[in-house]
Amino acid sequence: MHIVVCIKQVPDSAQIRVHPVTNTIMRQGVPTIINPYDLFSLEEALRLRDQLGGKVTVITMGPKMAIEALKKCISYGADDAILLTDKVFAGSDTLATSFALASTIAKIGETTPVDMVFCGKQTIDGDTAQVGPGIARRLHMQQLTYVAQVEKVDLDKGEIVVHRRSEGGVQVLATKLPCLVTMLEGSNVMRYGSMDDLFRAARYEVAEWDHKAAGITVTAQCGLKGSPTVVKKVFAPPARAVKAEMIKTEGKTPREVADALLTSVFAKHPKLEMEIGQ
Amino acid sequence: MSAEDQDQEQTPVAAAPRRGDGADLSVYHGVWVFVELERGKVHPVSWELLGEGRKLATHLGVPLSGVVLGPDQPATQEACDHAFEYGADSVYLMRGPVLTDYRTDPYTAGLTDLVNTFKPEIMLLGASTLGRDLAGALATTLATGLTADCTELRIDDETRSLAATRPTFGGSLLCTIHTLEYRPQMATVRPRVMAMPDRVPGKRGQIIEHQPKMPEEDVITKILSFIPDSDAEKAQLAYADIVVAGGRGLGKPENFKLVQDLAAVLGGDYGGSRPVTHAGWISADRQIGQTGKTIRPKLYIAAGISGAIQHRVGVEGADVIIAINSDPNAPIFDFATFGIVGDALQILPALTEALQERLAARKAAQ
Ligand SMILES: Cc1cc2nc3c(=O)[nH]c(=O)nc-3n(C[C@H](O)[C@H](O)[C@H](O)COP(=O)(O)OP(=O)(O)OC[C@H]3O[C@@H](n4cnc5c(N)ncnc54)[C@H](O)[C@@H]3O)c2cc1C
Ligand SMILES: Cc1cc2nc3c(=O)[nH]c(=O)nc-3n(C[C@H](O)[C@H](O)[C@H](O)COP(=O)(O)OP(=O)(O)OC[C@H]3O[C@@H](n4cnc5c(N)ncnc54)[C@H](O)[C@@H]3O)c2cc1C
């Protein structure tokens, strides 16, 4: 069983600040983390490997500093890690990103065929949820998104059964390997890496691939050139013109405050009074 | 084999032509909205998108069309009828047993075929679980741009292109994205972000039917069964008219009952901020905000919620927002309609009591 897990290093968005004057994102000094959704996929991949044997290869496309994120994955128990890094990939939108990652996975598969690819449900920065489906299309793999549970994998028959979240319920799907899975958050809990893996991660040399190593000969589909979307403007959300009407509280009991609120609200929004209690 | 080779050999349809290749993009004409029909029901986000699509189509002076894929059953015909009533001039229809339940492959193949045959300039889909699964696949087979989770759609007059605005970095910034040299221009919008348009009962239009080409034998993924959510799990939060929510300021899980009590008296639903769903005070599907549900109620009451940007983006569509917070400087007062600086643990039960009395008085008067 050979599983490739795609991860992305993202800024810890709880700590993102926007420059008040220039409206640009102040990335400097913002710590980076592995996209939290990717950890559910990595853990599921590790579990399947532990059950069925084989190996887990983790890949990411990004700058050199993404090596840290890959090493972290090794410390959790991943077997190998590859960093796809090349300036031709700069400015990739999701179409160009899925092209670069799919090419890389196809190349990896030349040495050891890939049975499954795992992606996160979405990232917390770009937050499009488009890269996984893009990779699945390009590699002609069955696409299984929002998976809550991998029920069983039969390697001999090349079959897999999963529970997929859909509107109003869960689809139980049977399909063939190779396939691409994105895991739902909360579907498992990331393990603590063993001492051995921790030591291995410290010494591990992450392979660095450029576009040629990934088997890409024509770069027209890469980076800014290969990206149909164009970001034209970045700006801060406009402030609300009208401030909240504050209900006076001094010297009032909670009940008096509540009555004062309801009187104000229904005076301004008479229709609302008929809506309540329905 | 590299992905490049595979693309050349196996992509079933021609990619949308690029302006850079000297292709004439003006053959792409009209605004399409994908009508999300699943198990006999249309997701309301489809109607919200028809409302938005109407504005774009009018601005461009082109027709607005719904696209309906589904089984050969009455619900599919009904979805077409409703699409007209919510504003579509025409409907592109593809039906057959292979489209009975949503699966990525036959839906992607069907839509790809429709787009390549009839060439719309804009294609809108809901950012639901189905819509996100489909949009990402479709944009890849069409090799075109797809902007996710837009909160505003406009036409840029200079380029006649779709200007799609979406929040990024958790809503702290907005960015406007264009797809200039590829067609169609694709975008997804989350449920409840756009307003529901008025329905014109009985309005009809032209149905253009096209046959699905993918035979069932070619569909590798099979549906073994469907496990419907229990009613308790089916939080209809996104579509509730009245929502009461609590945050970390409530202090402990037992206090959440105060929120539920008020919601019950109001006849509304309840939810919470991320910390309280993460801590398990209430179930995860009741989280409101950027990574939870977007709501658009007539009345939203937030108690003990600070109003962080990731929460704000999920509630801004509410008509009236009432905030109860002990901190006069809490950011929630920047976007609330009414504010009370006070202890939610005291104000919530007082509000419940006051409302109970008003409702009783109303009943007695009837
Ligand atoms: C503010 C902003 C807005 C954007 N909006 C759009 C948009 O609307 N449309 C668009 O096409 N592009 C958009 N982009 C570009 C997009 O973010 C990048 O293409 C990015 O490389 C991948 O998209 P994502 O972060 O949305 O990933 P998602 O599609 O949300 O990621 C899903 C999964 O794919 C895998 N994955 C994603 N990126 C990588 C990677 N670099 N290496 C390894 N695995 C990865 C991970 O497993 C991840 O969990 C935007 C970028 C920014 C900064
Ligand atoms: C990637 C990302 C995605 C996120 N997505 C979401 C999301 O979808 N939804 C979401 O909600 N958050 C989200 N968050 C988290 C968000 O940034 C905030 O941390 C969160 O909304 C804060 O929740 P809170 O207001 O309940 O808690 P706090 O920020 O801790 O606020 C508690 C408030 O209660 C007030 N208070 C205290 N005691 C009382 C009292 N007795 N009576 C009245 N008021 C009292 C305090 O003054 C304070 O304002 C996200 C964050 C990130 C990084």
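Computed from a predicted model, the values in this text were never measured in an experiment. Chain identifiers are assigned alphabetically (A, B, ...) following the order of the sequence lines, protein sequences preceding nucleic acid strands; residue numbering begins at 1 within each chain.
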Practice prompt. Test B:Asp149 against A:Gln122 for side-chain contact (heavy atoms from CB on, under 4.5 Å), laying out the working first.
Written response: CA-CA 12 Å; B:Asp149 291 1; A:Gln122 66 200 58; over 6 Å; no
Worksheet entry | Intermediate values then yes/no, side-chain contact (heavy atoms from CB on, under 4.5 Å), B:Leu299 and A:His269 | CA-CA 10 Å; B:Leu299 173 63; A:His269 305 272; over 6 Å; no
Discussion item. Does A:Ile276 form a side-chain contact (heavy atoms from CB on, under 4.5 Å) with B:Arg362? I'd like the steps, not just the answer.
Written reply: CA-CA 11 Å; A:Ile276 61 166; B:Arg362 185 165 89 190; 4.1 Å; yes
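Atom CE of A:Met246 sits about 8.5 Å away from atom CD1 of B:Ile340, to the nearest 0.5 Å.
With sequence neighbours left out, the ring pair (Phe, Tyr, Trp, His ring centres under 6.0 Å) criterion links B:Tyr102 to B:Tyr107. A:Tyr146 pairs by the ring pair (Phe, Tyr, Trp, His ring centres under 6.0 Å) definition with nothing, not counting sequence neighbours.
Heavy atoms closer than 4.5 Å to chain A are found in the side chain of B:Glu357, but not in its backbone. Both the backbone and the side chain of A:Ser166 come within contact range of chain B, judged by heavy atoms closer than 4.5 Å. Residue B:Asp133 touches chain A through both its backbone and its side chain, counting heavy-atom pairs closer than 4.5 Å. Looking at B:Leu355, both its backbone and its side chain come within 4.5 Å of chain A, counting heavy atoms on both sides. Contacts of B:Glu353 with chain A are made by both backbone and side-chain atoms, with heavy-atom separations under 4.5 Å. Both the backbone and the side chain of B:Ala137 have a heavy atom closer than 4.5 Å to some heavy atom of chain A. Residue contact with chain A, scored on non-hydrogen atoms closer than 4.5 Å, is absent for B:Thr151. Residue contact with chain A, scored on non-hydrogen atoms closer than 4.5 Å, involves the side chain of B:Val320 exclusively. For B:Ser161, no part lies near chain A; criterion is any non-hydrogen pair under 4.5 Å. Contacts between B:Leu359 and chain A at a heavy-atom distance below 4.5 Å involve the side chain alone, from C-beta outward. Only the side chain of B:Ile242 comes within less than 4.5 Å of a heavy atom in chain A; its backbone stays farther off.
For the options B:Arg166, B:Glu36, B:Met186, B:Gln185, heavy-atom pairs under 4.5 Å to chain A are most numerous at B:Arg166. By number of non-hydrogen pairs under 4.5 angstrom with chain B, the leading residue of A:Ile135, A:Thr145, A:Leu262 is A:Leu262.
A:Gln142 and B:Asp105 form a side-chain donor-acceptor contact under 3.5 Å, judged by distance and modelled atom types alone.
Side-chain atoms of B:Arg103 do not come within 3.5 Å of backbone N or O of A:Leu173 as any donor-acceptor pair.
Put simply, the side chain of B:Lys298 does not reach to within 4.5 Å of the side chain of A:Lys271, judged on heavy atoms.
In this structure, A:Arg165 pairs ionically with B:Asp229, as a charged nitrogen and a carboxylate oxygen lie closer than 4.0 Å.
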